[in-house]
**Q** 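Below is the structure I would like to discuss, written out as structure tokens.
Quick note on labels: first sequence line is chain A, next is B, and so on, each numbered from 1.
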Protein chains: 4
Amino acid sequence: MLDAAVATFARRGYRAASMDEIAEVAGVSKPLVYLYLNSKEELFSAVIRRESAALVAAVRAAVEPGGAADRQLWSGLKGFFTYTAEHPDSWAVLHQQARTQGEPFVREVAAMRAGLTDFVTGLIAAAAREAGCDTELAEREVAGLAHALVGAAESLAEWANTATAGPATAPPSARETAATLMNFAWTGLGRLMVGDRWTPGEN
Amino acid sequence: MLDAAVATFARRGYRAASMDEIAEVAGVSKPLVYLYLNSKEELFSAVIRRESAALVAAVRAAVEPGGAADRQLWSGLKGFFTYTAEHPDSWAVLHQQARTQGEPFVREVAAMRAGLTDFVTGLIAAAAREAGCDTELAEREVAGLAHALVGAAESLAEWANTATAGPATAPPSARETAATLMNFAWTGLGRLMVGDRWTPGEN
Amino acid sequence: MLDAAVATFARRGYRAASMDEIAEVAGVSKPLVYLYLNSKEELFSAVIRRESAALVAAVRAAVEPGGAADRQLWSGLKGFFTYTAEHPDSWAVLHQQARTQGEPFVREVAAMRAGLTDFVTGLIAAAAREAGCDTELAEREVAGLAHALVGAAESLAEWANTATAGPATAPPSARETAATLMNFAWTGLGRLMVGDRWTPGEN
Amino acid sequence: MLDAAVATFARRGYRAASMDEIAEVAGVSKPLVYLYLNSKEELFSAVIRRESAALVAAVRAAVEPGGAADRQLWSGLKGFFTYTAEHPDSWAVLHQQARTQGEPFVREVAAMRAGLTDFVTGLIAAAAREAGCDTELAEREVAGLAHALVGAAESLAEWANTATAGPATAPPSARETAATLMNFAWTGLGRLMVGDRWTPGEN
DNA sequence: AATGAATGAGAATTCATTCAT
DNA sequence: AATGAATGAATTCTCATTCAT
């Protein structure tokens with residue numbers, strides 16, 4: 001039943017998905033949906049919670065614990081892109097729908113996102129320690145960097161899922177996507193920690 | 001009239017925004033809206049086209065032509081973040097609404113996005129040439145990198161707009177945000193071009 | 001089970017009371033309610049019949065048989081007001097709900113009411129005989145008088161039950177209410193029987 | 001449109017009347033009903049207010065001002081019974097539906113009823129003065145008497161309307177009904193004022 | 001003797017859209 | 001050039017009622 005809701009919300013969007021359609025996709029009657037999940041709002045919340053938990057669990061399970069920061073990030077990203085590739089509807093609901101449907105929902109998905117961002121923030125800090133970073137990175141800057149990285153990941157996930165456009169080319173694998181992002185981000189972060197930063201001139 | 005539509009779509013979302021409210025915000029009668037823009041769908045399309053064009057124009061105007069690749073990217077990013085900060089409704093419609101409302105609209109916004117991504121792709125290629133890059137970067141990889149950069153930018157733009165949560169801290173300025181992203185991305189890209197890439201082991 | 005129905009119908013009204021709530025108040029499952037009382041309609045009918053019978057029985061038990069007509073009316077009224085005060089839900093169902101829910105039910109409660117009205121009619125006739133009434137009262141007029149008396153009683157019963165508004169004043173006792181009505185009605189009826197009637201002029 | 005609502009509410013009751021049916025009876029579409037009267041609740045309130053006002057206006061117009069108390073009561077009652085006979089639906093909504101549908105509505109109709117009861121209370125007091133009443137009637141008792149009278153009137157009104165059962169006999173005219181009530185009540189009230197009251201023995 | 005699980009039918013309410021003017 | 005008035009078609013949600021066990 002939740003599966004049907006995920007599929008329908010992903011395909012139509014929260015507002016456009018009707019309880020009628022969800023019930024039909026689930027192969028049950030509408031009142032049954034209301035019996036278990038009391039309203040459209042609660043149903044959507046339940047969906048968000050379940051899919052958030054599944055995504056976080058997938059990432060957590062993928063991370064190789066105890067390794068170097070870059071290995072951890074790498075394995076986490078692979079887990080992330082694997083999950084988003086294998087559960088595109090789940091990802092579409094979390095990334096596209098939940099974030100755009102106002103208050104009860106944004107908060108729920110923001111909490112999950114904060115968990116991931118914190119994880120990345122921790123990794124960046126750990127990497128800084130590992131590198132014996134001399135320049136103390138401002139907390140806000142680290143948050144910004146973590147945000148940029150998570151945002152880039154989210155964006156790549158969506159891109160990988162949406163890039164069904166070119167029918168000839170297969171969508172990039174999770175491994176490829178993760179490698180692209182590591183290359184994009186990690187070397188730069190490494191240089192940053194040793195003080196090699198890009199600076200504009202006066203404007 | 002389009003302004004009213006932008007404001008309303010941003011505040012309510014495409015489905016939840018009613019033509020009644022749009023007409024009221026615009027200070028005209030509903031039939032007038034239908035006279036000029038024949039349906040809700042066309043109205044939304046018109047909004048997307050106008051806001052897309054405005055965003056692209058803002059970025060284009062900001063870019064310093066003929067300079068080095070990094071200067072061009074830097075100035076473009078400043079233009080981008082300036083626009084999104086000054087026109088949050090416009091950005092919300094493009095980034096949050098248009099992308100999540102299914103077919104007629106995703107295509108329109110995807111076209112605009114492709115324009116920006118192509119611009120970035122060109123810059124990365126130019127940078128590669130400037131660096132006398134020996135390793136030929138695969139076209140697909142460049143596309144992936146450009147996508148990651150654009151995605152990170154979008155994500156940061158949304159973050160900067162949404163981070164009104166902490167009432168103490170002012171939202172980061174467009175300049176700050178652009179600098180964060182340059183630091184995050186550009187050094188890494190530079191290293192990448194001289195062959196200094198991050199590679200996983202065997203998994 | 002019927003008790004639960006009485007309480008629920010009184011509180012919510014016939015239409016607003018749900019079988020779910022009735023079953024819950026009764027502490028049984030809904031199918032059990034359907035097993036014993038086959039539908040909401042039959043359930044309500046059964047309730048009306050039981051409460052009607054109880055009210056009539058209470059009045060009948062209260063009447064002192066064989067006494068003078070006024071004593072009989074007095075004792076009957078006391079019984080009536082005592083019952084309505086002690087069983088407000090029962091009275092609410094009979095007076096407010098059953099009478100307003102259309103055909104199957106109005107008939108049932110009308111039958112009970114007819115019983116009471118007939119009783120009063122008989123008393124008025126008896127009083128007329130006792131008074132050696134010379135003027136023959138038209139049957140229809142007697143019926144009208146009986147109806148007025150019963151209506152006044154009903155109205156006072158509701159008033160006594162509803163007058164919880166003034167928190168300082170206790171609701172009038174059954175005895176008080178009955179006395180008010182006797183004073184209101186009986187002396188007038190007595191005069192009427194000896195021909196002392198109120199007559200309008202020509203209009 | 002309000003007429004259609006009155007008819008439908010009277011026939012079906014508040015809950016059982018559907019907005020669909022009301023719209024159909026009114027010969028308009030359902031959204032139009034919602035355009036003018038925003039919800040079922042507001043529609044019912046509007047109906048109650050309009051019908052209350054009409055009833056009060058009818059009674060007020062009927063009362064011969066400046067006459068003796070009994071003439072005033074007589075003329076008022078005639079007006080009342082004339083109205084209820086000529087507008088049975090209006091009376092049914094006020095008397096049967098509004099009073100039994102819980103809070104927003106009972107208050108509205110109670111206000112109207114209080115107006116009528118006050119009028120009658122005033123008349124009884126005036127009659128007492130006219131009669132040079134020696135025994136001071138307790139205020140509460142007068143209220144009770146007024147309540148009994150109004151209740152009797154309401155009851156008779158309903159009876160007169162419902163007595164369509166006997167197809168042979170025509171329903172009593174407003175004049176007849178008013179006369180019955182005057183005979184029932186006024187002589188008794190008169191005696192009461194000169195101290196001729198009915199008293200029970202010791203129980 | 002009793003119920004957990006399920007549904008068909010219908011209720012209030014909203015909205016994109018269109019005429020007649 | 002502009003609108004007041006009106007509606008067909010959904011949408012969310014509820015409820016009396018029934019099986020299979």
**Q** What contact category does A:Ala17 fall into here, base, sugar-phosphate, or nothing, at under 4.0 angstrom with non-hydrogen atoms?
**A**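 The answer is sugar-phosphate, as A:Ala17 gets under 4.0 Å only of primed atoms, P, OP1 or OP2.
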**Q** Does E:dT3 have a Watson-Crick or wobble partner in any strand here, with both distances under 3.5 angstrom, and which is it?
**A**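 WC or wobble partner is F:dA20.
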**Q** So do B:Tyr34 and B:Met19 actually touch side chain to side chain, heavy atoms under 4.5 Å?
**A**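 They are in side-chain contact.
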**Q** What integer distance in Å separates B:Glu24:CD from F:dT3:C1'?
**A**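 Atom CD in B:Glu24 sits about 15 Å away from atom C1' in F:dT3.
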**Q** Are A:Leu55 and A:Trp91 packed together at the side-chain level, in the sense that at least one heavy-atom pair is separated by less than 4.5 angstrom?
**A**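 Heavy-atom side-chain distance check passes, below 4.5 Å.
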**Q** Check the distance between F:dA16's P and C:Gln101's CD and give it to me in whole angstrom.
**A**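 In whole Å, F:dA16 P lies 13 Å from C:Gln101 CD.
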**Q** Go ahead and name the base partner of F:dC13; Watson-Crick or wobble counts if both distances stay under 3.5 Å, otherwise write none.
**A**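 Paired with F:dC13, as far as the under-3.5 Å criterion goes, is E:dG10.
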**Q** Mind running a 4.0 Å heavy-atom check of residues 25-44 of chain B against DNA chain F and sending the residues that fall below it, in number order?
**A**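 When residues 25-44 of chain B is checked for heavy atoms under 4.0 Å from DNA chain F, the hits, listed by number, are B:Ser29, B:Lys30, B:Pro31, B:Leu32, B:Tyr36.
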**Q** Kindly indicate whether the side chain of C:Leu43, heavy atoms from C-beta on, has any atom under 4.5 Å from the side chain of C:Leu2.
**A**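 Yes. Closest side-chain heavy atoms under 4.5 Å.
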**Q** If you assign A:Tyr14 and C:Ser18 each to the DNA chain F nucleotide with the nearest heavy atom, which residue ends up on the more 5' nucleotide?
**A**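 It is A:Tyr14, whose closest nucleotide lies nearer the 5' terminus.
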**Q** Any side-chain heavy-atom pair from C:Glu51 and C:Met112 closer than 4.5 angstrom?
**A**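 They are not in contact (no side-chain heavy atoms under 4.5 Å apart), so the answer is no.
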**Q** Figure out the CE/C1' separation between C:Met19 and E:dG4, and round it to whole Å.
**A**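 So the two atoms are 17 Å apart, to the nearest Å.
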**Q** Please work out whether the ring planes of A:Phe9 and A:Tyr14 are parallel, tilted or perpendicular, with thresholds of 30° and 60°.
**A**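 Answer is tilted, since the angle falls between 30° and 60°.
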**Q** Starting at OG of D:Ser18, measure out to CD of D:Glu24 and round the result to the nearest 0.5 Å.
**A**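 Here the interatomic distance stands at 8.5 Å.
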**Q** Measure CD1/A:Ile22 against P/F:dA10 and give the value in whole Å, please.
**A**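 After rounding, the reported distance stands at 17 Å.
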**Q** Going from NE2 on C:His87 to CG on C:Leu94, what distance comes out if it is rounded to the nearest 0.5 angstrom?
**A**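 Going from NE2 on C:His87 over to CG on C:Leu94, the span is 11.5 Å.
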**Q** Could you state the CG-P distance from B:Asp20 to F:dT7, rounded to the nearest angstrom?
**A**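 The answer, rounded to whole Å, is 16 Å.
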**Q** Measure the distance from CZ on B:Arg15 to P on E:dA16 and round it to the nearest whole Å.
**A**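 To the nearest whole Å, that distance equals 8 Å.
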**Q** Identify whether any heavy atom of A:Ala23 sits under 4.0 Å from a base atom; if not, whether one sits that close to sugar-phosphate; answer base, sugar-phosphate or nothing.
**A**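 It contacts nothing in the nucleic acid.
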